[in-house]
Each structure stands twice: as C-alpha cells, then as structure tokens.
Amino acid sequence: MSQQSLPVVVIGAGLAGLTVALELANRHPVIVLAKRQLDEGATAWAQGGIVGVLGSDDSVDSHVRDTQDAGAGLVDEHTARFIAEHSASAVQWLVDQNVPFSHDPSGPLGLHLTREGGHAVRRIAHAADATGRAIHEALLAKARAHPNIALRERWMAIDLITSRHLKRVETARCYGVYAFDIDRRRVEALPAPAVVLATGGVGKVYRYTSNPDTSTGDGIAMAWRAGCRVGNMEFIQFHPTCLYHPQERSFLITEAMRGEGAHLKLPDSAGGGRFMSAHDPRAELAPRDIVARAIDFEMKKHGVDHVWLDATHLGESFLKDHFPTIHARCMGLGIDIARQPIPVVPAAHYTCGGVVSDLHGQADVVGLYAVGETTYTGLHGANRLASNSLLECVVLGRTCAAHILAAQPTELPPVPAWDESQVEDADEQVVIAHNWDELRLLMWNYVGIVRTTKRLERALHRIELLKSEIDDYYANFRVTRDLLELRNLVECAELIVRSALVRHESRGLHFSRDFPATLPVSLPTVLTRPAQSRS
Ligand code: FAD
Ligand code: SIN
C-alpha cells in the first residue's frame, strides 16, 4: 500500500487534533479517534481565551518576554518566538473557521481582548468565558462536514505499531496504531503513513483537577513505550482558582476574572482581607505558580480549606456580560457572584511537559507526530503562561499538517493484527477503581504543589508496586477503557516523579522544600527509556 492511499490517523479530537485534521483533509484522508464523546476534552472546557499578539500596544518581543518570565528560565526562545510570530495568523485562522469571538468594534480584527496573569497587556482573544466551547463547536462542525475526515467516537488508541511489532531492525518507525472500538469491544490495527498524538494532558493523575476525564496522559505513555523521549514532566501546573463546593471541585474560575480586577481574600476566620501583595508585587496578576503556591501557603498557615475570590465590586451586569458561564454555574450552586465571594482552591490544571517534539510536531520515532498539551516543545518551560496552550495547538497543528503533506510517500508493510489469544474476561472493576483512587490521592498528597525528596521517593515506591499490578492485569485480561487509562496514568505518574527527583532546585511549578533555591543555570529534564523495555 502506498502512503497516498491510507488515511493519516489523528488520535484526539481537541483543538490540536482537529487543527491537524482540517489542515490535512483537503489533500489527504484522515481518521480522527476520540476515546469518549467527540465534545469531551480540555479544549471545550477552556474559558479565558487564546493569545493573539494583535494590539497596537503589543509586540512579539513583549509576548516572548512574558512567556519567558512565566517559564522561569526554561523557555526555548526559538519556539516561543516562532509561536508568538504566528499568533495573529492563528487567531485569524480560527476566525475563518467561524469561531464567534467576543467583538469590540475598536479592537484589532474587531475583537475584544482581555488580560490574564503574567501578561503585560491585553492580548487574549475570547468568546466571553466559554472560548474553548466556541472554538471546539466551530471546528467540529467543519470536521463533520468534511468528506475526507472520518470521525471515530469512542475509539481508544492503545499503543503505537512500531518497528518492534514488525520485528524490523531499522530506525524506529511508526506504522499505525492499535485502537479499541469501545462499543464493539474489539481491537483493530489501523495502519497509517503518519500518526498524530493529540491526546491532551494528564491532569487526572491528581485527585483534584480542573481537567476532564479524557486527560489521562495516553499519548505521553504511548510515545514513551514506543521509545520517544519525554521532557519536563515535573512541571505540572496547578490553577489557583477552582471552585470549592461539596458538589463541585473541578470547575474552573477563569484567571480572566482576576485580570478584570477580582481580588483574592482570606476567609474571615483567618483575618479576612487581600493577601497576594505580601507574596508578589503583581498581586493577583502574578503568574499562576506564584498565586497557587501563595494560596496553598495561606490555607496551610491558617488551617482553612479554601480562600475567597471576590468579584462583587465588578458589578452584576459586567459579570453577567463577561462571565456568563461562571455566573450561571455558581448561581446554580447557590452562589451569587455579584453579591458573594466565590470559594476557591488550587487544582492540577496543565501538563507543561510531554512528548519531545519539534516545531513540526515530529517526535523521535519516524512517522510519529505530537501536538498540543501532550507535547514538550519548549514553549512553556517551567510554567505555562495563561492562554498560550490553545495558541500552541493551532500554530503547531498547522505546521504539523504541512510537514505530513510534504513527506515523501513510501511503501508500508502489512501490520500484525492485535493478539488476544492470551487474554480472558475478568471482573476486576473493583480493583481497577481502587488503584485509580489510590494513585490519584497519592499523587495529590506526595507530588503536589510543595514537594520533598522523601515524599517523592515514597511515591515512587508505591507507584512501582501499582505498576506491576496493573501490568499484570493488562497482560492477562481483556482490555477496558478504565484499565487502559490506568495503565497510562501510572506510567505518567512515574515519569512525573522521576523527573521531579532529578531536579535539585525549585523552579517555576516545581517547588521542593529540600532544594528551595533556584540554581543560576538549569536545563530541561529529558528522560529516555532504556531500549530493551520499549514496546
Ligand atoms: P484536548 O482538548 O484535551 O483533547 C484530547 C483529545 O484526545 C480528546 O478528544 C480525547 O478524547 C482524545 N484522547 C485522549 N486519549 C485518547 C486515546 N487513547 N485514544 C483516542 N482518543 C484519545 N488553555 C488556554 O490556552 N486558554 C484557556 O483559556 C484555557 N482554559 C482552560 C480551562 C480548563 C478548565 C482546562 C481544563 C484547560 C484550559 N486550558 C486553556 C488548557 C487547554 O484547554 C488545553 O491545553 C488544550 O485545549 C489541549 O488541547 P488538546 O487538543 O491538546 O487536548
Ligand atoms: C483560565 O481561563 O484561567 C485558564 C487559562 C489557561 O489555562 O490558559
């Protein structure tokens, strides 16, 4: 079979995956896999917006500087500059896909720009406080209508098909993917000239997270098993303000609310009043690692289980107009944000590290690409600047598609079918659910916002035990989505802890009580899997 005839397989239907698919589809057939419903994923949950260097008071240099400041010395300047330079065309591309951004007739491109922590100027294009949903609906509508795009909902990629499966001794190459058709309970081999990992982050590895159920690090784990390098996994971003409510602990209260002037305050029992200026001169507009750590510090110091985000002074009509989703969601839980402060806590939010990939999304294995939150490109360094993530998905999604289209066609060998001869059905759901809970609680308590070497070592020990138990299930029982996700989560947990253990300093999102100083010079953490254990 030639490269021309087989579809490219894109794993993931978020902004990264859909951008690649739409850019490929006019010239090449594409299959897009989504392991849950097509509208599930972090993209649809994004609130604040997407960076566009558009204003007359803005510049590429200014955006690069802010990205570097947030990234605490580990941002790759070349990557940051490339992405900043392409931000205006990325926003224009989204406008061309019919994304209904909030308008301001006097704004650049007619768009209203808002501001978030760490940004020197207003440069965030948004659709009120539901930017992700607006983007995702527009792109999904385009993808559904495209005759060259096959959307496969509830199809979960399990592992990449590589040279090892074909028993070929050559430069590592990807030949396709094994994918689990969840409704039909069968695994298919999908051969492909190129495979794109666009599976999002790994927030679900933590007990408390702003992330949707899809964020289980599947792409990172698959790439790692296939022999790709993984970078900067210790840098997990905790968003400072997730709603704290008995019925809701993952709903995000966008940073744009602080950007528009909302204040963080202590509960009355802890003395009340604002506290951020005691931690950073930028107060509520400091980068989010600083804000999250400050909240964590104040909560522990005063023994309180949340702080307040007070937006009451912004006025009811402003809040309803700019933050309609948050207003409605909080009202539904009995919190009138125009009259009451919002109870908030930090929660795991964004995976700054991931599959090492270049500005075309190329990973270490030939024919394998990675785009979006699943990657490590050097843009985010030790801490991501708000609203740079959606931007990275669009800019590098487009360059990735261009690179795939430009590749030389080659003959593909037949790929082996999935081997289920050894497996049996088993009612192990209780044990799998237990392992899920144990892992997530362990990561929250031992590998959270503030770390110590002892806690990391203990976490690693427990993770190794869990891993061998999960590997045993995987080898002997028929796959289920829960088991496959758990297998990926525990792989990523190990990568996070191992990366954290090799960083003997505190920097950006990684804060260790044993190494509180920031070293004068530091490098990204890049892990390589030993060749004999690759799949
Ligand atoms: P996702 O959108 O998460 O999509 C992943 C896709 O992969 C899904 O379709 C999923 O089903 C699929 N998938 C995963 N594993 C498999 C598998 N094994 N097989 C098949 N399919 C699979 N960033 C910003 O820049 N601005 C913001 O305002 C912003 N707000 C945010 C608010 C919230 C609440 C959250 C959680 C994140 C926010 N972010 C924001 C971050 C941003 O939304 C994400 O980083 C970005 O959307 C990731 O896009 P993605 O395409 O890489 O992954
Ligand atoms: C937010 O709206 O606060 C999230 C922005 C982001 O994660 O980039």
Side-chain angles (χ1 to χ4, degrees), residues 9-20 32-51 70 114 116-119 124-127 129-133 135-136 139-140 151-159 177-180 182 196-204 209-222 237 239-242 250-259 288 291 323 325-326 347-352 354 370-375 380 384-394 396-397 481 484-485 487-488:
V9 174
V10 176
I11 309 172
L15 179 55
L18 290 178
T19 302
V20 176
V32 179
L33 306 180
K35 67 177 175 179
R36 291 175 183 261
Q37 305 303 121
L38 283 162
D39 59 357
E40 287 185 65
T43 297
W45 288 19
Q47 292 183 358
I50 176 169
V51 163
T114 188
E116 291 181 322
H119 289 277
I124 318 292
H126 65 108
D129 61 353
T131 310
R133 186 152 301 284
I135 290 176
H136 201 248
L139 265 55
L140 202 49
L151 296 166
R152 294 202 184 168
E153 197 167 58
R154 293 171 59 80
W155 274 68
M156 179 173 184
I158 300 177
D159 262 322
V177 62
Y178 291 116
F180 177 39
I182 293 171
V196 182
L197 298 168
T199 52
V202 67
K204 288 295 282 188
T209 175
S210 67
N211 285 193
D213 288 342
T214 49
S215 302
T216 54
D218 299 2
I220 299 170
M222 281 188 274
Q237 183 170 75
H239 196 289
T241 56
C242 278
S250 62
F251 182 67
L252 193 80
I253 308 296
T254 178
E255 184 150 332
M257 201 173 257
R258 277 178 285 125
R288 58 178 66 151
V291 181
F323 305 107
T325 315
I326 294 174
H349 179 62
Y350 186 83
T351 314
C352 290
V371 182
E373 190 170 342
T374 208
T375 63
H380 308 308
R384 176 180 64 104
L385 183 66
S387 288
N388 264 355
S389 170
L390 295 178
L391 177 64
E392 186 184 42
C393 290
V394 178
L396 299 189
R481 186 176 57 203
L484 293 172
E485 288 182 338
R487 173 175 176 248
N488 294 329

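Whatever order the structure lists ligands and atoms in, that order sets their numbers, starting from 1.
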field: Identity and distance of the protein heavy atom lying nearest atom 1 (C) of ligand 2
entry: Thr254 OG1, 3.3 Å

message: For Gln237, state whether at least one heavy atom is located under 4.0 Å from any atom of ligand 2.
response: no

- prompt: Quick one: nearest non-hydrogen protein atom to atom 3 (O) of ligand 2, plus distance?
  reply: Glu255 N, 2.6 Å

query: If you count the atoms of ligand 2 from 1 in the order shown, which ones are under 4.0 Å from a heavy atom of His239?
result: 1 (C), 3 (O), 4 (C)

- request: Can you sort out which atoms of ligand 2 are near Arg384, meaning under 4.0 Å from one of its heavy atoms?
  value: 6 (C), 7 (O), 8 (O)

message: At under 4.0 Å between heavy atoms, is it the side chain or the backbone of Leu252 that contacts ligand 2, or both, or neither?
response: side chain

Salt-bridge criterion met for Arg384 and Glu392 (N-O under 4.0 Å): no

message: Taking 4.0 Å as the limit for heavy-atom contacts, which would you say applies to Arg384 with ligand 1: side chain only, backbone only, both, or neither?
response: side chain

statement: Closest to atom 8 (O) of ligand 2 among protein heavy atoms sits Ser387 N, 2.7 Å

message: Return the closest protein heavy atom for atom 5 (C) of ligand 2 as residue, atom name and distance.
response: Arg288 NH2, 3.2 Å

- prompt: Charged N to carboxylate O under 4.0 angstrom, Arg481 versus Asp213?
  reply: no

Subset of ligand 2 atoms that lie under 4.0 Å from at least one heavy atom of Ala386: 8 (O)

